[in-house]
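Here's the structure we're looking at; comments come further down.
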Amino acid sequence: MTATVIDLADLDLFTDGDPHEAWRVLRRDRPVHWNATGGSATGGPGASGFWALTRYQDVHDAYVDAGLFSSRWGTVMGGSHRRDADSASGRMLIASDDPQHRLMRQQVHRAFLPALMDRARRVVRDYAGAALERMLKDGGGDFAADVAPELPAGLLAALFGLERRDALHLLSLTRSMIGFQDPRYHGDSKPSAVLVSSQVEVFDVMMDLMETRRRAPSDDLVSILLGASVNGRRFTEDEILYNCLNVAVGGNETTPFTASAAVQAFMDFPDQAQLLLDDGGLLPTAVEEVFRWTSTNAYVQRVATRDVELHGQLIRAGDSVTLWNASANRDEERFSNPDRFDVRRTPNRHMAFGVGVHRCIGMGAAQMEIALLMEEIARRGITFEPAGPPARLRSNFMLGLTRLPVHATASRDESM
């Protein structure tokens, strides 16, 4: 594979190919890679395409320099029905720059304070434990469909004050938003139509919740944002809706894909699974290695605010620049033996959650969910074995398995 033929916009690479090999070549040969999507060989005014940063240090530095690499135009390529900028620009946490970002983050962060997280921890453990018990009773199943969704369902049930059924319905909507280019979700419809309709349905759910919480406030995220203000100005309805969407998508989509990829990793590296089953003290390092290894959120998009030269390439103001977390987390210059899944790896300063002012606000919640899942698996002594071929999501933004058939057996009584 040569850098000249690598196309990170080709979704076949992410379903049937090896993106990690593509990123390895780019890190070595072309760390600042212009990925044309309309035939233009270089960036600049009128160019159709994006720059791809693939080395750890370059991705890190771009995150940190939020003034040069702006988030205002949205973090996902093609993630909005508007073409000039994300429709949430300036109104959603992840699509804003300081000082607006900092002020907004202070309000949204209140949903992740200890009281709500303690409640979420209890619900997530109940949901995950029940799902694992059902799978063990059946001797296996599709982990991606039967167990993984219970993690975000538990989190969002707590954050939004939802019943399990409603949380799973919200998950189905955000899943079709993120997977809108996958035939599994768009079927015979146009992908762009599925994206828009899914966004509208999520907003409908949130608007219903807003009306309910106006009449009967609670301690959930919607109630918090209804009472939020920035410099004495109350959040607008759009700001509430977009930030609820932000939390719902972030909470719903990354964790179940991470969970399924973790189980796949433990099946691929059974010695590491046994280490964790034998020594529960490895849980903290194992959780961080899961996030490094899976790097579910493959990239984030930024837009250059001025001309800058990097590794001999001129990035012009207005160019789209993608920061590939999944590549940075396998950088040979940063991680020893990066293609080895190692539950004892330390230090492990991965960038699965980004870095700097835009570090994922739900990082603690995601770590809690994955840790709880692994605790419940280890407590029961569950061993997974493949029961059929997995299927990958047709997306270059979210690395995930839409199907993971497994056999499951337990060596311990769950009450231990």
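Just so you know, these numbers come straight off a predicted model, no measurement behind them.
Checked against ring pair (Phe, Tyr, Trp, His ring centres under 6.0 Å), H169 has no partners two or more places apart in sequence or in another chain. T255 pairs by the side-chain hydrogen bond (donor to acceptor under 3.5 Å, both in side chains) definition with E369, not counting sequence neighbours. Remark: Q107 pairs with R110 by the side-chain hydrogen bond (donor to acceptor under 3.5 Å, both in side chains) rule, at least two apart or across chains. T383 pairs by the side chain to side chain contact (heavy atoms under 4.5 Å, CB included) definition with L277, T409, not counting sequence neighbours. In this view, H109 satisfies the side-chain hydrogen bond (donor to acceptor under 3.5 Å, both in side chains) rule with no residue, not counting sequence neighbours. Residues meeting the side chain to side chain contact (heavy atoms under 4.5 Å, CB included) test with A286, sequence neighbours left out: L276, V343, M374. Checked against ring pair (Phe, Tyr, Trp, His ring centres under 6.0 Å), F335 has the following partners two or more places apart in sequence or in another chain: Y56. With sequence neighbours left out, the side chain to side chain contact (heavy atoms under 4.5 Å, CB included) criterion links R213 to L209, S218, D220, V222, S223, L226. Taking the side chain to side chain contact (heavy atoms under 4.5 Å, CB included) definition, one finds that D7 meets it with A9, D10, N35, sequence neighbours left out. For the side-chain hydrogen bond (donor to acceptor under 3.5 Å, both in side chains) test, residues two or more places apart in sequence or in another chain that qualify with E375 are R125.
Side-chain contact, S71 with H358: a donor N or O sits under 3.5 Å from an acceptor N or O. Between the side chains of E288 and Q367, a donor-acceptor pair is found at a separation under 3.5 Å. Side chains of T258 and T296: a donor on one and an acceptor on the other come within 3.5 Å. There is a side-chain donor-acceptor pair under 3.5 Å between S320 and Q301. A donor and an acceptor atom, one from each side chain of T254 and N297, are nowhere located under 3.5 Å apart.
A 6.0 Å sphere centred on CZ of R233 holds more than 12 heavy atoms belonging to other residues, nucleotides or ligands. A 6.0 Å sphere centred on CZ of R344 holds no more than 12 heavy atoms belonging to other residues, nucleotides or ligands. The 12-atom threshold is exceeded at CD of Q57, counting heavy atoms of other residues, nucleotides or ligands nearer than 6.0 Å. Within 6.0 Å of atom CD in E333, 12 or fewer heavy atoms from other residues, nucleotides or ligands are found, so the atom counts as exposed in its surroundings.
Screening residues 270-281 for salt bridge (Lys or Arg N to Asp or Glu O under 4.0 Å), with sequence neighbours left out, gives D271-R340.
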Can I get a per-line list of side-chain donor-acceptor pairs under 3.5 Å for residues 140-154, giving both atom names and the distance, sequence neighbours left out?
from : atom 1 : to   : atom 2 : distance (Å)
D142 : OD1    : A144 : N      : 3.1
D142 : OD1    : L404 : N      : 2.8
D146 : OD2    : D142 : N      : 2.9
E150 : OE1    : R164 : NE     : 3.0
E150 : OE2    : R164 : NH2    : 2.6

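Between the side chain of T75 and the backbone N or O of V300 there is no donor-acceptor pair closer than 3.5 Å. Within the 3.5 Å criterion, the main-chain N or O of A248 finds no donor-acceptor partner in the side chain of T174. Between the side chain of T305 and the backbone N or O of G67, at least one donor-acceptor pair lies under 3.5 Å. Without hydrogens or angle criteria, R392 side chain to T402 main chain gives no donor-acceptor distance under 3.5 Å. In terms of modelled atom types and a separation under 3.5 Å, the side chain of D18 and the main chain of E21 share a donor-acceptor contact. Between the E289 side chain and the R345 main chain, no donor and acceptor come within less than 3.5 Å of each other. In this structure a side-chain-to-backbone donor-acceptor pair under 3.5 Å is present from R119 to A158. With hydrogens and angles ignored, the 3.5 Å screen pairs a side-chain donor or acceptor of N329 with a backbone N or O of M351. The backbone N or O of R27 sits less than 3.5 Å from a side-chain atom of R55, completing a donor-acceptor pair. The backbone N or O of T54 lies less than 3.5 Å from a partner atom in the side chain of S327, making a donor-acceptor pair.
A167 and A157 get closest at one heavy-atom pair: CB-N, 4.2 Å. The heavy-atom pair separating G354 from Y63 by the smallest distance is CA-CZ, 3.5 Å. Considering all non-hydrogen atoms of both residues, Q313 and V32 come closest at CG-O, 3.6 Å. Considering all non-hydrogen atoms of both residues, L401 and P390 come closest at CD2-CB, 4.0 Å. The nearest pair of heavy atoms linking A52 to W324 is CB-NE1, 3.4 Å. Contact record, S395 with I178: OG-O, 4.3 Å, taken as the closest heavy-atom pair.
In this structure, NE2 in H33 is found 5.5 Å from CG in L8, a value given to the nearest 0.5 Å. The distance from atom CD of E253 to atom CE of M398, rounded to the nearest 0.5 Å, is 6.0 Å. A distance of 7.0 Å separates CG in L323 from CG in N325, rounded to the nearest 0.5 Å. For the atom pair CZ (R122) and CG (L372), the distance works out to 12.0 Å, reported to the nearest 0.5 Å. Atom CG in L399 sits 8.5 Å away from atom CG in L393 (nearest 0.5 Å). With values rounded to the nearest 0.5 angstrom, L93 atom CG is found 11.0 Å from Q106 atom CD.
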- Message: Does M206 form a side chain to side chain contact (heavy atoms under 4.5 Å, CB included) with L245? I'd like the steps, not just the answer.
- Response: CA-CA 8 Å; M206 296 304 170; L245 174 67; 5.8 Å; no

- Message: Please determine whether side chain to side chain contact (heavy atoms under 4.5 Å, CB included) holds for the pair I361 and V108, giving the CA-CA distance in whole Å, both sets of side-chain angles, and the decisive distance to 0.1 Å.
- Response: CA-CA 8 Å; I361 196 170; V108 179; 4.0 Å; yes

- Item | From CA spacing to verdict: side chain to side chain contact (heavy atoms under 4.5 Å, CB included), V321, F50 | CA-CA 6 Å; V321 182; F50 57 91; over 6 Å; no

- Message: For M210 and L241: C-alpha separation, side-chain torsions, deciding distance, then whether side chain to side chain contact (heavy atoms under 4.5 Å, CB included) applies.
- Response: CA-CA 9 Å; M210 285 170 60; L241 288 172; 3.6 Å; yes

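Taking the six-membered ring for Trp and the full ring otherwise, the centers of F384 and F266 sit at least 6.0 Å from each other. Taking the six-membered ring where the residue is Trp, the centroids of Y242 and F203 are separated by under 6.0 Å.
Using a 4.0 Å cut-off between charged nitrogen and carboxylate oxygen, D339 and R24 do not count as a salt-bridge pair. Salt bridge absent: K137 and E133 never bring a charged side-chain N and a carboxylate O closer than 4.0 Å.
A cation-pi arrangement is present between R330 and W293 under the rule of less than 6.0 angstrom and at most 45 degrees off the ring axis. Under a cutoff of 6.0 Å and an axis angle of 45°, R175 and F257 form a cation-pi pair.
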